[in-house]
Amino acid sequence: MRKPLIAANWKMYKTISEADDFVKQFVPLVKDVTDVDKLIAPPFTSLNAVATAAAGSGIIVAAQDVFYEEQGAFTGEISPGMIKDAGGTFVIIGHSERRQYFHETDSIVNKKSKAALRAGLGVVLCIGETLEERNTNRTFDVVKRQIAEGLAEFCEAEFKDTVIAYEPVWAIGTGVTATPEQAEEAHGFIRSIIKEIYGDLADEMRILYGGSVKPENVDEIMASPNVDGALVGGASLDPQVFSKLVKFRRG
Ligand code: PGA
C-alpha cells in the first residue's frame, strides 16, 4: 500500500514570519489526518523556522534544491548536510523551474539526488515534458530519459527513499491541469519504466502529480490508481486551501 503524500512547494514565497504563521495555522487543521503524509518545502531561509514550528506534527520538511558537494568553495550553494542541520529531511530535485532557469541537466539532477540520498535525505525527483515535447509526441521519450538518467545507478536502498513527481511543464502555474486520463497514462508509463529497471520495487514507489492542483480538481486526480499524491505550488501558500488538498476525498 502506498501512503498518499501531499507536498507543498512554496517556491520563492514567504518570509520567516509568514512561514511560521502558516505552520501554526496549518498543523491544527490537519492534525487528525493520519493516513496522508504532508510535506512542506519552504525557501532555504525559512527551513529552520518551519522545522521548528512543525516539530512533533509529523509534517515532513524539505528543501527545494541542494548542491552535490558536502562543503567547499561553491558560493551561494547549500549542501545536504546543511539542509539536515536546518531540520530538513527531504529535498525536491530537478524541478522544471530549476531545469529551465538554472540549466539543470539530468546528469546534475542525478548527482544532486545521489548526494542527498547519501547524506540520508529523502528525494522528490521531478520530471515532466514541455508543451512542445507533448505536441510533438515526445512525452514518453522525455520522461523515460529523465527517469533513466535521473535515477541512474541508484541502489535499492536509495531508490526506496525516492519519490517521483510527474509535473507536465505546461500545467505548472498555468491553471491548466492534465486530465485524470492524461495523468494516469503518464503515471502508469512511469511505473512501467521503473519496473523494467527495478522490478517489483516500482509498486512501492510513490509517484506524485504536479501542475495546477487545487481543491476543485484534487479528488479526481487522486482517484487515478497510479497517482499517489500531489506536488502543489500556488494552492499550497494558504493554510486553509492547502489543508483542503490534504483532506482530498478518499476513493
Ligand atoms: P502549481 O506548481 O501547483 O502552481 O502549478 C506546481 C509545482 O511547480 O510544483
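In listed order, ligands and their atoms are each counted from 1.
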>> Between Thr177 and Tyr209, is the side chain to side chain contact (heavy atoms under 4.5 Å, CB included) condition met? List the steps.
In response: CA-CA 10 Å; Thr177 323; Tyr209 170 79; 3.7 Å; yes
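- Note that CG of Leu245 is 10.5 Å distant from NZ of Lys214, once rounded to the nearest 0.5 Å.
- One finds the CG atom of Asn110 at 6.5 Å from the NZ atom of Lys114 (value rounded to the nearest 0.5 Å).
- With a 4.5 Å cut-off on side-chain heavy atoms, Glu129 and Arg138 do not count as touching.
- Counting the atoms of ligand 1 from 1 in the order shown, those under 4.0 Å from a heavy atom of Gly234 are 1 (P), 3 (O), 4 (O).
- Remark: ligand 1 atoms within the under-4.0 Å shell around heavy atoms of His95 are 7 (C), 8 (O), 9 (O).
- Close approach to Gly211 involves these atoms of ligand 1, each under 4.0 Å from a residue heavy atom: 5 (O).
- You'll find the side chain of Gln146 stays beyond 4.5 Å of the side chain of Leu125, heavy atoms only.
- Atoms of ligand 1 found under 4.0 Å from any heavy atom of Ala171, numbered from 1 in the order shown, are 5 (O).
- Under 4.0 Å from ligand 1, heavy atoms of Ile172 appear from its side chain as well as its backbone.
- Counting the atoms of ligand 1 from 1 in the order shown, those under 4.0 Å from a heavy atom of Asn9 are 9 (O).
- Atom 6 (C) of ligand 1 has its closest protein heavy atom at Gly233 N, 3.5 Å.
- Residues passing the side chain to side chain donor-acceptor pair (under 3.5 Å) test with Lys14: none are found, sequence neighbours excluded.
- With Tyr68 as the aromatic partner, Lys111 meets the cation-pi criteria of under 6.0 angstrom to the ring centre and within 45 degrees of the ring axis.
- Counting heavy atoms of neighbouring residues, nucleotides and ligands inside a 6.0 Å radius, atom NZ of Lys244 does not exceed 12 of them.
- Within ligand 1, counting atoms from 1 as listed, the ones closer than 4.0 Å to a heavy atom of Lys11 are 2 (O), 7 (C), 8 (O).
- Ala235 does not count as a contact of ligand 1, since none of its heavy atoms falls under 4.0 Å from the ligand.
- Within ligand 1, counting atoms from 1 as listed, the ones closer than 4.0 Å to a heavy atom of Gly173 are 1 (P), 4 (O), 5 (O).
- Listed by number with element, the atoms of ligand 1 under 4.0 angstrom from any heavy atom of Glu167 are 6 (C), 7 (C), 8 (O), 9 (O).
- Note on ligand 1: Gly210 sits outside its first shell, no heavy atom being nearer than 4.0 Å.
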